[in-house]
Amino acid sequence: MSGCDILTGTEIPCPPSWAENPDYQGMDSYFGGTPPLSKAIGYLVVVGFGALFSVFTTAVVYMDKIFSGNATVTSEHFNTAGRMVKTGLTASVIVSQWTWAATLLQSSNVAWNYGVSGPFWYASGATIQVLLFGVLAISLKDIAPSAHTMCEIVRARWGKSAHITFLIFAFLANIIVTSMLLLGGAATVEALTGVNYELASFLIPWGVILYTSAGGLKATFMASYLHTMIIFAVLITMITIVYIQVYSSDQIYDFLNQTVSYSSEECQVLFSTDGTVESSFYYDDNNKKQYACGAVPNNNSGSYLTMLSADGLMFGIINIVGNFGTVFVDQSYWQSAIAARPESAAKGYLLGGICWFAIPFSLATSLGLASTALMLPISSSEAGNGLVPPAVADHLLGEAGSALILIMLFMAIVSTGSAESIAVSSLVAYDIYREYINPEATGAKILWVSRVVIVLFGIFMGLFSIALNAMGLNLGWVYLFMGVVIGSAVIPLWNMMTWSKASGTGAVIAAWSGLVLALIGWLVGAKIQGESVTVATLGTNEVMLSGNLIAIFSSGIIHYIYSKFIDPQDYDFSTLNENIHLVEQDLSGLGEQQQDKKVLKHAKRWITRRGYLLTFVKIIVWPILSIPAGVFTKPFFAFWVLLSIAWGFGAAITISILPLFESQDEIGKVCSGMLNYILCKKVEETYAEEEPAAPAKTLEEEEPAPQAAKALEEDEPVKEVEPATPSGDEAA
């Protein structure tokens, strides 16, 4: 403990990290404007990795097409990946696109703030949405198998007014998710490498643009698998170093107790320039503490080692409500459901949700808790910007740790970014271009529009994240705010897929009314609590909680009352798919076998039972069972840590091996095709397994081969069914 010179002559115990690195004394921030990595490494990761993945995924898609006999990329295939993705890859994609920059960064921030309850509520509060979305995924396969986007389903059932409404909410979801990726990503790249924030915000999207525009959804899925493997590799490395190689759960337990043992005066002495209260920077101008030192407000006994945390629970509720919006209103999750086989849609979402739980839970239980246990000089501003994981990794491993976190973060950004890009391109191509600009658009035109939109959206999001940063909004603030904006669309979309009485007019009124009421409640709450409306007062947990709850519950109540008592419908779901039209004769994944009602009914029952049960366990049973523990004992904390390590290793093994095992035939075809090509052997051309679905008579308007003028005549019988669409419109 001789390294604590600033405490000479006092009886204040030395923080663990100070004994390891005396330079931490007197530091008011961990990074302090001096990045641990060079700019060259920053550019190498941001630009180099983007180029590498573009080349790799494009090559893999090309080899799959050439050597395993898959069809040429059509607009249908570009946006749906053939509707035949298997369980393992579906789960891997769900993990990949649900692993935001916030998953890696914000989860450790809440551990830094609330202790063990933070990682749990982040993980459980954002898992249940994926589990429950599996119910909608299998419903989609049953009633709208031809759909390309969720808004197409809205248009087919409820009409134009509802279509425009939910198209706006869908774009808001995509913009919010992508802005969080870039806010957290650019801040971390700047802190770790010194690359200018604005430049990083502009360069990061290009890593996504290149391979997404080249290969479409299938390229995104293949890249997502690789991204997920790398993320889990770094995750396993970090939890192993924290709890096995460098420290143990018992040491972290003792360090956490030491952190909360300091009095306010002692914390001020610790976080000062010369060891006096007068020179302390422990409190900010608003008298709020800036560092992890002393008792935790509103936690049982002021401890980090308890689930009895009022602020942790409040964050959990905000997390649950907000993430319903970013799953149910985000086209990327609907797109993954559209791409999956019927049986894989149910199992893939369940498995993906279970495996994803490990990322925030295990990572934040290791790096997040270590940050407070070691009392690193991480300021609240740095924590809010998501810099807890890179700070701990840098402390433990030096430049290697910083580089690992940077790579892990970049994987999260490009995996989710590519999913968001393809989602936006599908919405624009099918719900704007084909619906309102060029109804007779060919597949080639749809494909061209999709690729152009991917490029434009990437550029727009780079500029938008710069604007958000200039406004003083960080990752944590936007994360809490998302439910206020898009939460009101959640229940109407659920009702659209599951309730025959759901009214289109009621859905429109509920979505907009819920948004307006949420914004009013949010602003009024900030005014009441903080006496003035500022970015800081708008971002408190209590104010954000009020806005999130008002958004989702007011919308649900309004839609139920309107549909039940004012405009009740009796919709026949069997007619829904007739109003959704394919662009090309690509019926992959739409054959009789994929639309077997008995199989779909079984799959829906399977996912419904397990989805509801796991949701109940995650947000009710687990927290209740943790209450008797109060402040964790050392053995109980050891069990908690062991659970996080086991979950992390189990998820990593499952998500890495299962997709390869399921795709061994396809991998074999590619390898044998490449070998035949190298040996100059000519073999009879084969076709991918999607091909047998082609003869299926799924859509009446797609049966005959002739096009052009004939196509218009063939549309006539379908228009007799169209009253289902205008009815929603008239109501709207």
Side-chain angles (χ1 to χ4, degrees), residues 4 6-7 12-21 23-32 105-122 191 242 247 249 251-272 280-284 286-307 309-312 315 363-396 474-476 541 631-632 637:
C4 298
I6 199 171
L7 300 178
I12 302 174
C14 181
S17 62
W18 291 24
E20 298 169 6
N21 185 353
D23 291 340
Y24 292 149
Q25 300 174 76
M27 289 176 57
D28 61 358
S29 70
Y30 184 87
F31 291 103
L105 306 178
Q106 178 71 1
S107 59
S108 290
N109 176 32
V110 292
W112 184 87
N113 276 297
Y114 315 126
V116 294
S117 67
F120 171 79
W121 282 118
Y122 191 105
V242 171
Y247 307 107
S249 63
Q251 283 179 295
I252 296 295
Y253 181 91
D254 290 336
F255 291 162
L256 287 169
N257 280 331
Q258 180 180 323
T259 299
V260 300
S261 70
Y262 293 108
S263 67
S264 175
E265 291 74 16
E266 289 173 334
C267 289
Q268 291 181 71
V269 170
L270 286 170
F271 292 94
S272 64
S280 176
F281 43 80
Y282 177 67
Y283 290 108
D284 65 7
N286 296 318
N287 207 34
K288 291 184 178 179
K289 73 174 190 175
Q290 296 296 292
Y291 303 92
C293 179
V296 186
N298 302 318
N299 274 26
N300 185 23
S301 301
S303 175
Y304 285 106
L305 295 159
T306 180
M307 282 289 289
S309 168
D311 290 336
F315 167 78
L363 186 69
T365 298
S366 56
L367 296 184
L369 292 182
S371 67
T372 57
L374 298 173
M375 289 184 64
L376 295 173
I378 302 170
S379 68
S380 60
S381 175
E382 286 180 312
N385 282 318
L387 299 181
V388 171
V392 179
D394 178 71
H395 171 77
L396 295 174
N474 62 22
L475 174 66
N541 275 356
V631 176
F632 292 0
F637 180 66

Subject >> Side-chain (Ser117) to main-chain (Met307) donor-acceptor, under 3.5 angstrom >> reply: no
Original post:
Quick check, are the ring centers of His395 and Tyr24 under 6.0 angstrom apart?
Top reply: yes
Subject >> Check: Glu382 side chain, Val388 main-chain N or O, donor-acceptor pair, under 3.5 Å >> reply: no
Original post:
OG/Ser309 to CG/Asn298 distance, rounded to the nearest 0.5 angstrom?
Top reply: 7.5 Å
Subject >> Nearest-0.5 Å distance that lies between atom CE in Met375 and atom OG1 in Thr259 >> reply: 5.5 Å
Original post:
With distance as the sole test, does Ser366 use its side chain to make a donor-acceptor pair with the main-chain N or O of Val242 at under 3.5 Å?
Top reply: no
Original post:
Which pair of heavy atoms, one from Pro16 and one from Ala373, lies closest together, and at what distance?
Top reply: CG-O, 3.6 Å
**OP:** Take Leu270 and Trp18 through the side chain to side chain contact (heavy atoms under 4.5 Å, CB included) test and state the conclusion after the steps.
**Re:** CA-CA 10 Å; Leu270 286 170; Trp18 291 24; 3.9 Å; yes
**OP:** Decide yes or no for Val296 and Val260: does some side-chain heavy atom of the first lie under 4.5 Å from some side-chain heavy atom of the second?
**Re:** yes
Subject >> Residue pair Asn299 / Thr306, side-chain donor-acceptor N/O under 3.5 Å >> reply: no
Subject >> Near-ring test Phe632/Tyr253, centroid separation under 6.0 angstrom >> reply: no
Original post:
Between Ser107 and Pro119, is any pair of side-chain heavy atoms under 4.5 Å apart?
Top reply: no
**OP:** Measure from the ring center of Phe271 to the ring center of Tyr283 and say whether it is less than 6.0 Å.
**Re:** no
Subject >> Check against side chain to side chain contact (heavy atoms under 4.5 Å, CB included), Val392 and Leu376 >> reply: CA-CA 8 Å; Val392 179; Leu376 295 173; 3.9 Å; yes
Original post:
Does Pro13 offer a backbone N or O that forms a donor-acceptor pair with the side chain of Tyr262 under 3.5 Å?
Top reply: yes
Subject >> Check against side chain to side chain contact (heavy atoms under 4.5 Å, CB included), Asn113 and Asn109 >> reply: CA-CA 6 Å; Asn113 276 297; Asn109 176 32; 3.0 Å; yes
Original post:
Quick one: side-chain hydrogen bond (donor to acceptor under 3.5 Å, both in side chains) partners of Asp254, sequence neighbours excluded?
Top reply: Lys634
Subject >> Rounded distance [0.5 Å steps], CD1 in Ile252 versus OH in Tyr304 >> reply: 13.0 Å
**OP:** Can you spot which of Tyr291, Trp112, Phe255 makes a side-chain contact (heavy atoms from CB on, under 4.5 Å) with Thr372?
**Re:** Trp112
Subject >> Side chains of Ser380 and Gln290, donor plus acceptor under 3.5 Å >> reply: yes
Original post:
Taking it one step at a time, do Cys293 and Tyr282 satisfy side chain to side chain contact (heavy atoms under 4.5 Å, CB included)?
Top reply: CA-CA 9 Å; Cys293 179; Tyr282 177 67; 3.9 Å; yes
**OP:** Starting at CZ of Phe315, measure out to CG of Asn541 and round the result to the nearest 0.5 Å.
**Re:** 8.5 Å
Original post:
Are any non-hydrogen side-chain atoms of Val116 and Thr365 less than 4.5 angstrom apart?
Top reply: no
